[in-house]
Every structure is written in C-alpha cells, then in structure tokens.
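One structure is given below, encoded as structure tokens.
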Amino acid sequence: MIFCAGVKLGMQSIPIATACTVYHKFFHETALDAYDPYLVAMSAIYLAGKVEEQHLRTRDIINVCHRYLNPGSDPLEVDTKFWELRDSIVQCELLMLRLLQFRVSFIHPHKYLLHYLVSLKNWMNRHSWERTPIATASWALLRDSYHGDICLRYEAQHIAVAVLYFALQCYGVDVPGNESAETQWWKVFSEDITKETIDSIVSELIHIYTMDTEIP
C-alpha cells in the first residue's frame with residue numbers, strides 16, 4: 001500500500017523508502033497485531049513526507065489510501081469519520097516518533113547504487129551494458145527490497161552492492177577483468193563487504209519474491 005499510495009501521491013523514491021523504513025522499524029519495536037498496519041502505513045507516509053521535505057496533505061493521503069483499500073469507491077466526505085481518521089494519523093505519527101526515539105532520518109542505498117552503476121557502466125563493454133537492463137533491474141530489486149526489513153539489518157552500501165550483484169547474476173553478465181583481478185569488483189565498491197553478506201541479502205530478496213507468489 002505504501003508503494004502504490006506513494007506513487008499516486010507523486011512521492012519520490014527516497015521519501016517512499018523512508019516511509020517503508022519507518023513502517024518496518026515501528027513494527028520491530030512493537031507487535032504487529034497491536035496497531036492497525038494500514039493506519040501505521042498512512043502515518044509513515046505522512047511522517048516521511050516531512051522528514052524528506054516532500055510535504056503531503058493529510059487529506060490527499062487519506063483519499064489515496066481509502067481508494068486503495070476500497071477500489072472504485074468515492075473519496076471520503078469531509079465529515080466526522082474523515083476528521084477522526086485524520087486525528088488518528090496525527091496521533092499515530094506522534095506515537096511512532098516517541099517509539100523510534102525521533103530517529104527517523106536514514107541513509108538509503110540509492111545514492112550508492114547510482115554511483116556504482118555509473119562506475120560499472122564506464123568499466124564495462126558498451127555493447128554488453130546496452131543490451132542488458134542492468135540499471136533498470138538493479139533499481140527494481142532495490143525498490144522491492146523494502147517489502148522486507150533488509151533496510152534495517154544491512155548497511156546501505158552493502159544493499160546497493162548486493163542488488164547490483166544480483167542484477168548481473170540474473171542476466172549472466174560478467175564484469176570485465178574480474179576473474180584475473182586481485183580484488184573483486186564488489187570489494188572495490190565497498191571494502192568491508194563480504195561474499196557472505198552479498199549472498200545473505202540476495203537470499204532474502206529471493207525469499208521476498210517467493211512470499212509474493214504464495215500470497216493468494
């Protein structure tokens with residue numbers, strides 16, 4: 001819901017990532033059945049807009065999320081129900097801030113992935129790069145990683161390297177000179193990353209996709 005609502009609200013990638021991270025972090029601190037996850041998601045969107053300076057009107061958030069949860073329905077009337085929901089979003093935002101101790105600013109992998117993609121593009125054969133959608137696949141994998149809590153348990157640089165590694169593996173693309181090099185290409189991008197960390201992140205990404213196919 002956060003992704004769908006974020007796109008319809010015109011949110012950029014970073015605010016959406018922040019909303020997802022806030023959501024996951026909140027439910028790491030409390031039980032999933034203790035609060036309405038859809039209310040928490042709306043509050044996470046509202047808070048992320050403030051944190052990332054892409055301010056959103058609560059009315060727009062309510063209408064977009066209401067339409068997501070009730071396809072084909074009309075926008076909510078500005079009545080008692082609307083104001084109660086608006087107040088709930090604001091109160092939930094305050095609860096989230098307290099529970100997360102106001103630590104709601106995060107370092108995301110996006111800027112690292114952009115840098116790594118530019119470097120790898122210059123490193124690789126132009127034909128090999130252009131005939132495979134490595135960049136598009138990497139961004140898609142990064143976006144989908146926020147469906148799980150990978151963002152909470154791994155460093156941003158490591159996630160960026162892992163999604164790029166996974167994209168290359170998916171298309172069977174080898175980085176030129178990597179076999180004979182003293183240092184693996186992913187080690188050049190992040191000195192402290194290990195192959196075990198990359199494999200762990202990739203494994204969790206595959207698990208997210210597996211879960212998606214199992215949801216009715």
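With hydrogens and angles ignored, the 3.5 Å screen pairs a side-chain donor or acceptor of Thr210 with a backbone N or O of Ile206. Here the side chain of Ser88 pairs a donor or acceptor atom with the backbone of Glu84 at under 3.5 angstrom. Side chain of Asp60 to main chain of Leu56: no donor-acceptor pair is present (N/O by atom type, distance under 3.5 Å, no hydrogens or angles).
Contact detail for Ala19 and Ile2: the closest heavy-atom pair is CB-CG2, 3.9 Å. When all heavy atoms are compared, the tightest approach of Ile107 to Ala156 is O-CB, 3.6 Å. Nearest heavy atom pair, residue Leu141 against residue Val163, reads CD1-O, 3.5 Å. Considering every non-hydrogen atom in both Val51 and Ser105, the closest pair reads CG1-CA, 4.4 Å. Here the closest non-hydrogen pair linking Phe189 and Tyr116 is O-OH, 3.4 Å. Between Gly148 and Ile208, the shortest heavy-atom contact is N-CD1, 3.7 Å.
Linking ILVMFWY side-chain heavy atoms closer than 4.5 Å, directly or via other members, places Ile14 and Val22 in two distinct hydrophobic clusters. Under the 4.5 Å side-chain heavy-atom criterion for grouping Ile, Leu, Val, Met, Phe, Trp and Tyr, Ile198 is not connected to Leu152 through any hydrophobic cluster.
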- Determine, stepwise, if the pair Gln184 / Tyr165 fulfils side-chain contact (heavy atoms from CB on, under 4.5 Å). CA-CA 11 Å; Gln184 297 289 301; Tyr165 178 91; over 6 Å; no
- Item | side-chain contact (heavy atoms from CB on, under 4.5 Å) evaluation trace for Leu113 with Ile159 | CA-CA 9 Å; Leu113 180 57; Ile159 297 171; over 6 Å; no
- Task: Dump the intermediate steps for side-chain contact (heavy atoms from CB on, under 4.5 Å) on His24 and Cys151, then the final yes or no.
- Result: CA-CA 9 Å; His24 288 306; Cys151 56; 4.1 Å; yes
Without placing hydrogens or testing angles, list every side-chain donor-acceptor pair under 3.5 Å for residues 91-99, not counting sequence neighbours.
from	atom 1	to	atom 2	distance (Å)
Glu93	OE1	Lys50	NZ	3.4
Glu93	OE2	Lys50	NZ	3.0

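Applying the salt bridge (charged side-chain N to carboxylate O under 4.0 Å, His left out) definition to pairs two or more places apart or across chains, none involves residues 10-33. Applying the salt bridge (charged side-chain N to carboxylate O under 4.0 Å, His left out) test to pairs two or more places apart or on separate chains, none has a residue in residues 37-47. For residues 36-49, there are no salt bridge (charged side-chain N to carboxylate O under 4.0 Å, His left out) pairs, not counting sequence neighbours. Screening residues 68-82 for side chain to side chain donor-acceptor pair (under 3.5 Å) gives His66-Asn70, His66-Ser73 as the qualifying pairs, with residues at least two apart or on separate chains. Screening residues 150-172 for salt bridge (charged side-chain N to carboxylate O under 4.0 Å, His left out), with sequence neighbours left out, gives Asp149-Arg153, Arg153-Glu204.
For Phe3, the ring-ring contact (aromatic ring centres under 6.0 Å, His included) criterion is met by His147, not counting sequence neighbours. For Asp144, there are no salt bridge (Lys or Arg N to Asp or Glu O under 4.0 Å) partners at least two apart in sequence or on another chain. The ring-ring contact (aromatic ring centres under 6.0 Å, His included) test applied to Phe166 returns no partner, not counting sequence neighbours. Contacts of Thr18 classified as side chain to side chain donor-acceptor pair (under 3.5 Å), with partners at least two apart in sequence or in another chain: Glu52, His108. Annotation: ring-ring contact (aromatic ring centres under 6.0 Å, His included) contacts of Tyr46 (sequence neighbours excluded): none. Every residue two or more places apart in sequence or in another chain was checked for a salt bridge (Lys or Arg N to Asp or Glu O under 4.0 Å) with Lys111, and none qualifies.
Trp129 has its side chain out of reach of Val173: every pair of non-hydrogen atoms, C-beta onward, lies at least 4.5 Å apart. Side chains of Val161 and Ile201 form no contact here, defined as non-hydrogen atoms less than 4.5 Å apart. Put simply, the side chain of Ser43 does not reach to within 4.5 Å of the side chain of Tyr23, judged on heavy atoms. With contacts defined as side-chain heavy-atom distances shorter than 4.5 Å, the pair Leu76/Leu85 qualifies. Annotation: side chain of Trp186 is not in contact with side chain of Leu164 (no heavy-atom distance under 4.5 Å). Contact of the Tyr146 side chain with the Pro109 side chain is registered, since non-hydrogen atoms from C-beta on lie closer than 4.5 Å. In this structure, the side chains of Phe82 and Asp87 stay at 4.5 Å or more apart for every pair of heavy atoms. Between His110 and Leu114 the shortest side-chain heavy-atom distance does not fall below 4.5 Å.
The line from OG of Ser203 to CD1 of Ile150 is 9.0 Å long, rounded to the nearest 0.5 Å. In this structure, SG on Cys4 lies 11.0 Å from CG on Leu9, to the nearest 0.5 angstrom. The CG atom of Leu120 sits 6.0 Å away from atom CG of Leu168, with the distance rounded to the nearest 0.5 Å. Atom OG of residue Ser138 and atom CZ of residue Arg143 lie 12.0 Å apart, to the nearest 0.5 angstrom. Rounded to the nearest 0.5 angstrom, Tyr154 OH and Ser145 OG are separated by 11.5 Å. We find the CZ-CG distance between Arg59 and Asn63 to be 6.0 Å, quoted to the nearest 0.5 Å.
Between the side chains of Asp192 and Ser190, at least one donor N or O sits under 3.5 Å from an acceptor N or O.
More than 12 non-hydrogen atoms from other residues, nucleotides or ligands lie less than 6.0 angstrom from NE2 of His28. The local environment of OH in Tyr209 is crowded, with over 12 non-hydrogen atoms from other residues, nucleotides or ligands closer than 6.0 Å.
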